[in-house]
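Can you keep this structure in mind? I'll have questions shortly.
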2 protein chains.
Amino acid sequence: MAKPALDAADLRILDALQRNGRLSNVDLAEQVGLSPSPCLRRVRDLEEAGYIQGYAALLDRRRLGFGVVAFVEVKIDQNAEGDARFRQAVERIPEVVSCFVMTGTMDYLLQVVVPDLDAFAEVSMRRLLQIPGVKDVRSSFVLDVVKHGTALPLGR
Amino acid sequence: MAKPALDAADLRILDALQRNGRLSNVDLAEQVGLSPSPCLRRVRDLEEAGYIQGYAALLDRRRLGFGVVAFVEVKIDQNAEGDARFRQAVERIPEVVSCFVMTGTMDYLLQVVVPDLDAFAEVSMRRLLQIPGVKDVRSSFVLDVVKHGTALPLGR
DNA sequence: AGTGAAAGGAGCGATAC
DNA sequence: GTATCGCTCCTTTCACT
């Protein structure tokens, strides 16, 4: 499992694929200036080395009826046991799309996606606040999305 | 542009594709219980109707040298002009991966991805704080990622 | 709407440079 | 390491149910 640094072609492959994950290998090869075979080999290597974790279709949240996005700051009684319990509980809530451990006064930052405020209340009160050790929950709601990216700034 | 509601097969297609955006059409058809032809038609229709906005490769941030993720709350002098200017400025900063208008005391919430703290300082001080109208910037850093999803909770 | 067959093209291995 | 060949399978369209 040696890890030779990525060269310019690898970076171009990654950049192209994070912009369009369904590029066919021939199109990708053309974009990065390789012929298809070595291009495909590189893609496979990048996948196996873990640089590419997977591929996803990006769906239109609103069109699918998920009109509410909230960021929820959570403070818990901090000890190893409580943390583990909280993480497990959060894993099992599909409406919690992301969960980060943060610096600052709040321990966790959660991103929650739900159809409406009723559904949010359900998640907040019936799920999050039920987790033992949760002390404080503060929610902010997304009013507008200026930018929503999945892509890393590889072009820098 | 009529919008007939999605049926169960459509939802299964969307769910499968947001989990694996590179599923071949035959595999997808099998998973959702259709034969390849109608399955492909539905996918095309979902793409054209905007339910599927695109496809992306999900890359391993850390392995690519982006060790720092920050959430930055920004408060600005609020007027139509200042907002427009701020949004345009943010669009042009690739390290700002996401930007939301929020309820609460802070106007914007930005997610910033950079290689290290020096790069963050650069973005924060040389880019964000230079934008006219920016009054307050408060940054929190991600210490650990419990969950990081792109997928909507379609299974509910 | 879904099925089935047929043509074009892509993936992917083998081989040569 | 990269390019070319060739076979197989998928994708995609069309006619039919």
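Chain letters run A, B, ... following the sequence lines, proteins first, then strands; residues in each count from 1. Model, not experiment: these values are computed from the prediction.
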**Prompt:** Any salt bridge (Lys or Arg N to Asp or Glu O under 4.0 Å) pairs touching residues 130-143 of chain A, not counting sequence neighbours?
**Reply:**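 For residues 130-143 of chain A: A/E73-A/R138, A/D77-A/K135.
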**Request:** For residues 140-151 of chain A, pull every pair meeting salt bridge (Lys or Arg N to Asp or Glu O under 4.0 Å), keeping only residues two or more places apart or in separate chains.
**Result:**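 For residues 140-151 of chain A, and leaving out neighbouring residues, the salt bridge (Lys or Arg N to Asp or Glu O under 4.0 Å) pairs sorted by first residue read A/D144-B/R87.
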**Prompt:** Hey, is CD on A/E47 packed in by over 12 heavy atoms from elsewhere, all under 6.0 Å?
**Reply:**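 Yes - once you tally the heavy atoms of other residues, nucleotides and ligands closer than 6.0 Å, there are more than 12.
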**Asked** What parts of residues 7-37 of chain A reach DNA chain D, counting only heavy atoms under 4.0 Å away?
**Response**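 Listed by number, they are A/S35, A/S37.
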**Item:** Range on DNA chain C touched by chain A - first to last nucleotide, heavy-atom distance under 4.0 Å
**Value:**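 With heavy atoms of chain A under 4.0 Å away, the range is C/dA10 to C/dG13.
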**Request:** Sorted by first residue and then second, give each salt bridge (Lys or Arg N to Asp or Glu O under 4.0 Å) pair with at least one member in residues 104-123 of chain B; sequence neighbours left out.
**Result:**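 Qualifying pairs: B/E122-B/R126.
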**Asked** Given atom CG of A/L6 and atom P of D/dG1, what is their separation to the nearest angstrom?
**Response**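 To the nearest whole Å, that distance equals 14 Å.
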**Prompt:** With B/L40, which residues qualify under side chain to side chain contact (heavy atoms under 4.5 Å, CB included), at least two apart?
**Reply:**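 Per chain and number, B/L40 pairs via side chain to side chain contact (heavy atoms under 4.5 Å, CB included) with B/N25, B/R44.
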**Prompt:** Tell me, which pairs form a salt bridge (Lys or Arg N to Asp or Glu O under 4.0 Å) where one or both residues lie in residues 49-62 of chain B, sequence neighbours left out?
**Reply:**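 Matches after skipping sequence neighbours: B/D60-B/R63.
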**Message:** Looking at B/R44, I'd like to know whether one of its side-chain N or O atoms comes within less than 4.0 Å of OP1 or OP2 on D/dT11.
**Reply:**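 No, outside the criterion.
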**Message:** Can you measure B/L40 atom CG to D/dC10 atom P for me and round it to whole angstrom units?
**Reply:**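 One finds 14 Å between P of D/dC10 and CG of B/L40, rounded.
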**Request:** Mind checking side chain to side chain contact (heavy atoms under 4.5 Å, CB included) for B/S35 and listing every partner two or more places apart, or none if nothing turns up?
**Result:**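 For B/S35, the residues satisfying side chain to side chain contact (heavy atoms under 4.5 Å, CB included) (neighbours in sequence not counted) are B/P38.
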**Prompt:** Considering residues at least two apart in sequence or located in another chain, which fulfil the side chain to side chain contact (heavy atoms under 4.5 Å, CB included) criterion with B/Q130?
**Reply:**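 None.
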